[in-house]
Protein chains: 2
Amino acid sequence: MSNKDIFIEKLKASGLRPTKQRIAICKLLFQRKDTFHFTINNLNNILKNSSVEKISLATIYNTIHVFKKKGYLKEISINSYKSYFDTNVTHHHHFFNESTNEIIDLKDSDVGKIKIKKVIPGKKIKTIEVLVKIENSN
Amino acid sequence: MSNKDIFIEKLKASGLRPTKQRIAICKLLFQRKDTFHFTINNLNNILKNSSVEKISLATIYNTIHVFKKKGYLKEISINSYKSYFDTNVTHHHHFFNESTNEIIDLKDSDVGKIKIKKVIPGKKIKTIEVLVKIENSN
DNA sequence: TAATTAATTTATAATGATTCTAAAGTAGTG
DNA sequence: CACTACTTTAGAATCATTATAAATTAATTA
Ligand SMILES: [Mn+2]
Ligand SMILES: [Mn+2]
Ligand SMILES: [Zn+2]
Ligand SMILES: [Zn+2]
């Protein structure tokens, strides 16, 4: 199955028709081997500078939000300044380089087992997320 | 030293004159024994409903941001929907109850030692923050 | 104390990210 | 082609936050 077919599958599974705009967005998001962490603004800039015809912001927002709802993307909370999305939807953690604003994935197994010693009656743990803030060590 | 004196100290140390508006904000923030996690909107509502005369939003934003810069408050990233501030400026972690949107402090010692197994050359770790998402277990 | 200067508060305007809307365009079906 | 449904898009609306500038209050000086 070609990449394009995979994109078409994802779009259909999300209830979206495979238009050229949406396929261009899929290429950007899913045609890469490493995780992609991005803001809507990033995406818009990349799409503006790629040869393809311009895609409206509304379409970008809509598509990203549908993918998020479907589970093909997740939104991550790194800081209060920007809203980031993540193409890695498995459970994992992050390095955030405060010198460069770069986000790097940390595999679940890169973080030793975390033991939460406080229990809250009537509540259960859904997920544990670790954010490791780093900086250039000069 | 009275509470009010402490507020006046904090304000002065932050380069702000102790006006009645700012002292009212300080009371809300610092005159409590437990951590207070809040949004600007929370604060504004509480101040509106308290007997004191109305305080403008601009003053609230200004004061909170100066306290944040001074280190008397910190801003925490829980999700992308709201921006929260925290009166607990020590290093600590959080439970976030997704059923109620409630934020609860986890002492540093409530979380077992975290071992980050991935090293990034040229970078050093500043802080490690854990966010434990919980839900009502019914 | 009165006059002068500096800081503060406030209402309101500006900004910027996100969402909404409604008109024009495109695709699928027969 | 005719018909219908879905999509894209520009621009408007919304909402949180920040900026502005006039009016108020506080501090300092005479
Ligand atoms: Mn969003
Ligand atoms: Mn802020
Ligand atoms: Zn990631
Ligand atoms: Zn806290």
Side-chain angles (χ1 to χ4, degrees), chain A residues 4 7-29 37-48 50 52-70 73-85 101, chain B residues 4 7-29 37-48 50 52-70 73-85 101:
Chain A
K4 187 164 174 187
F7 304 155
I8 291 175
E9 274 314 301
K10 284 195 141 100
L11 286 165
K12 283 186 177 161
S14 308
L16 297 177
R17 282 188 189 165
T19 63
K20 61 182 181 308
Q21 290 90 340
R22 289 168 178 164
I23 288 176
I25 293 172
C26 283
K27 278 188 183 139
L28 257 182
L29 298 181
H37 299 109
F38 62 95
T39 64
I40 296 285
N41 188 43
N42 288 340
L43 220 51
N44 191 36
N45 287 333
I46 298 172
L47 286 165
K48 260 196 322 227
S50 75
V52 200
E53 75 188 284
K54 193 217 170 203
I55 298 179
S56 78
L57 248 192
T59 296
I60 298 174
Y61 272 103
N62 288 339
T63 306
I64 295 307
H65 281 133
V66 172
F67 281 155
K68 179 186 167 187
K69 179 173 295 173
K70 178 66 182 175
L73 290 175
K74 63 179 174 181
E75 199 167 3
I76 55 181
S77 295
I78 299 289
N79 61 39
S80 58
Y81 305 112
K82 287 182 173 176
S83 176
Y84 292 95
F85 292 88
N101 279 15
Chain B
K4 187 166 173 186
F7 304 154
I8 292 175
E9 273 315 302
K10 284 194 142 105
L11 287 166
K12 283 186 177 160
S14 308
L16 297 177
R17 284 186 188 169
T19 63
K20 61 182 181 310
Q21 291 88 343
R22 289 168 178 163
I23 288 177
I25 293 172
C26 283
K27 278 189 184 136
L28 257 180
L29 298 181
H37 298 108
F38 63 94
T39 64
I40 296 286
N41 191 255
N42 289 338
L43 220 50
N44 190 36
N45 287 333
I46 298 172
L47 286 165
K48 261 197 321 228
S50 76
V52 202
E53 76 188 282
K54 192 217 170 202
I55 298 179
S56 77
L57 247 192
T59 295
I60 298 174
Y61 272 103
N62 288 338
T63 306
I64 294 308
H65 280 132
V66 172
F67 281 155
K68 177 185 168 187
K69 180 175 294 173
K70 178 66 182 174
L73 290 175
K74 62 178 176 182
E75 199 166 3
I76 56 181
S77 295
I78 299 288
N79 60 39
S80 59
Y81 306 113
K82 286 182 176 177
S83 177
Y84 293 95
F85 292 88
N101 278 15

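Below, read A as the first sequence line, B as the second, and so on, with proteins coming before strands; counting in each chain starts at 1. Fair warning: this is a prediction, and the values are worked out from it, not measured in the lab.
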Grab the [atom1]-[atom2] distance between [X] and [N] for me, whole Å please.
X       : N      : atom1 : atom2 : value
A:Lys82 : C:dT18 : NZ    : C1'   : 16 Å
B:Asn62 : C:dT10 : CG    : P     : 11 Å
B:Asn41 : D:dC15 : CG    : P     : 12 Å
B:Tyr61 : C:dT9  : OH    : P     : 17 Å
A:Lys69 : C:dT19 : NZ    : P     : 11 Å
B:Ile55 : C:dA11 : CD1   : C1'   : 15 Å
A:Leu57 : C:dC20 : CG    : P     : 15 Å
B:Ile25 : C:dT8  : CD1   : C1'   : 12 Å

Could you tell me if B:Gln21 and B:Thr59 have a donor-acceptor pair between their side chains, going purely by distance under 3.5 Å? no

Inter-residue atom distance A:Lys48.NZ - A:Leu57.CG, 0.5 Å rounding: 8.0 Å

Between [options], which nucleotide has the shortest distance from any of its atoms to the side chain of [X]?
X       : options                : answer
B:Thr59 : C:dA17, C:dT10, D:dT9  : C:dT10
B:Ala58 : C:dT18, C:dA11, D:dT17 : C:dA11
B:Ile40 : D:dA5, D:dT9, D:dT17   : D:dT17

side-chain hydrogen bond (donor to acceptor under 3.5 Å, both in side chains) involving B:Asn42 - partner list, sequence neighbours excluded: B:Thr39

Is the shortest heavy-atom distance from the side chain of B:Glu53 to the side chain of B:Lys20 under 4.5 Å? yes

Taking the six-membered ring for Trp, are B:His65 and B:Phe85 parallel (under 30°), tilted (30 to 60°) or perpendicular (over 60°)? perpendicular

On DNA chain C, compare the nucleotides closest to B:Arg17 and B:Lys54; which residue's is nearer the 5' end? B:Arg17

Using OP1 and OP2 only, check whether a side-chain N or O of B:Gln21 sits under 4.0 Å from D:dT25. no

Taking 4.0 Å as the cut-off, does a side-chain nitrogen or oxygen of B:His65 come that near to OP1 or OP2 on D:dT18? yes

